[in-house]
Engineer: 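Input: one structure, supplied below.
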Amino acid sequence: MPNWRNRVLRALWLLLRFALGGVFLYAACLKLRTPWQLFAISVDAYRLLPHWAVVTVARTLPWAELLLGSLLIAGRFLRVATVAASFLLLLFFIAMVRSYASGLSIDCGCFGGGDPISARTLARDGGFLLGSFLLTAITLRRRASARVGPAPRTR
Amino acid sequence: MKLLVFLGLAGLLASAAVPQADSSGKTAGTPGAPITIEVYSDFQCPHCKTLHDEILPRLMNDYVSTGKVYLIYREFPLPNHPYALQAAAYACAAERLGRYEQVASLLFRTQEAWSTSGKIEKAISGGLTPEEMKQLHALAKDPGVDAEVRRDIDLGRKANVTQTPTMIITHRLTQYPVAGVPDYGLLHSLLDAQLAK
């Protein structure tokens, strides 16, 4: 029974890693192939950051997404990558919920333009966030069990 | 004599190479400008009013009048705005009288009043002569005007416009959608980066 459970967890772990890694890579590529000012306009529309921070976020975030996506798919530095991905997705989600609740009719900016914040985009990003939390939990648990090592054999 | 003929020809060629800016109707600037911006707008939308009042005058001054941007106004009345379609029809009718910009400005200036009362004609009557108002009244009911508004809406849908205002910036066949009212500094930076390419 524990063996079966471990297999399911491993399959889920792999699925979440590749799915979330793919989402981050896709989002990064869409932003990087357009001028950074377009993403900056989307970030600025949230009315959360001063101008200098908007420019900094617009110029660095797509590269951070590219790095996170690559790490998740390659399976490197997973503890840091999953925690960072969850933190990033949590920030995005809070910003989106705040804007939606205050009635701002703006683009989400998640995957380029033409994606206004709506119940659908909130459900989608909420799903990403839950998946990321689950992936982080499984990764940390695997790490903890690997550190403890296999149980000693008894006769 | 030869010099005079040469100078005359050079002058003629130069004037032909620089098309004159035009801002009479639903377009502004020179059609051959390196960047084209289509502005999808709804007269009943408060953000469109902000774009019209705060961003477009600066854009006109810095880029349209200098021949860098060709601006096209497109109607995109949203279904949740009950009088927006009618207002768009009045604006398109005004274009046929060569008064689009005046009527568009009046519609935005008096937006709050007619958005609740629905009395669009009353709101724009202050900027036009009684004769023009009579013509406008007739033109607004013209099926051709209605078709023009529907054509703009269809163009917007094809360009994936989902909200107003949306600007579709086209440079060298690449389109960049900008939804909402952008910070002018960022828009300025975007346009300059495209022009520098």
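Below, each value reflects all heavy atoms present in this structure, side chains not excepted, and no hydrogens, waters or symmetry copies. Each chain gets a letter, A, B and so on, in the order its sequence line appears, and its residues count up from 1.
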Engineer: Please state whether the side chain, the backbone, both or neither of Asp44(A) comes within less than 4.5 Å of a heavy atom of chain B.
Structural biologist: side chain

Engineer: Under a 4.5 Å heavy-atom cut-off, does chain B meet the side chain of Ala45(A), its backbone, both or neither?
Structural biologist: neither

Engineer: Which answer fits Thr162(B), side chain, backbone, both or neither, if we ask what part of it has an atom under 4.5 Å from a heavy atom of chain A?
Structural biologist: side chain

Engineer: Stepwise, does the salt bridge (charged side-chain N to carboxylate O under 4.0 Å, His left out) test hold for Asp146(B) with Arg150(B)?
Structural biologist: CA-CA 6 Å; Asp146(B) 184 57; Arg150(B) 304 274 172 203; 3.6 Å; yes

Engineer: Which word best sums up how the rings of Tyr40(B) and Phe76(B) line up, parallel for under 30°, tilted for 30 to 60°, or perpendicular for over 60°?
Structural biologist: perpendicular

Engineer: Should the pair Tyr63(B) and His188(B) be assigned to parallel (<30°), tilted (30 to 60°) or perpendicular (>60°) ring geometry?
Structural biologist: perpendicular

Engineer: I'd like to know if Tyr90(B) and Leu85(B) are part of one continuous hydrophobic network [Ile/Leu/Val/Met/Phe/Trp/Tyr, side-chain heavy atoms within less than 4.5 Å].
Structural biologist: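 No: no chain of side-chain contacts under 4.5 Å links Leu85(B) to Tyr90(B).
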
Engineer: If you count heavy-atom pairs under 4.5 Å between each of Asp115(A), Leu104(A), Ile41(A) and chain B, which one has the most?
Structural biologist: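 The residue among Asp115(A), Leu104(A), Ile41(A) with the greatest pair count is Ile41(A).
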
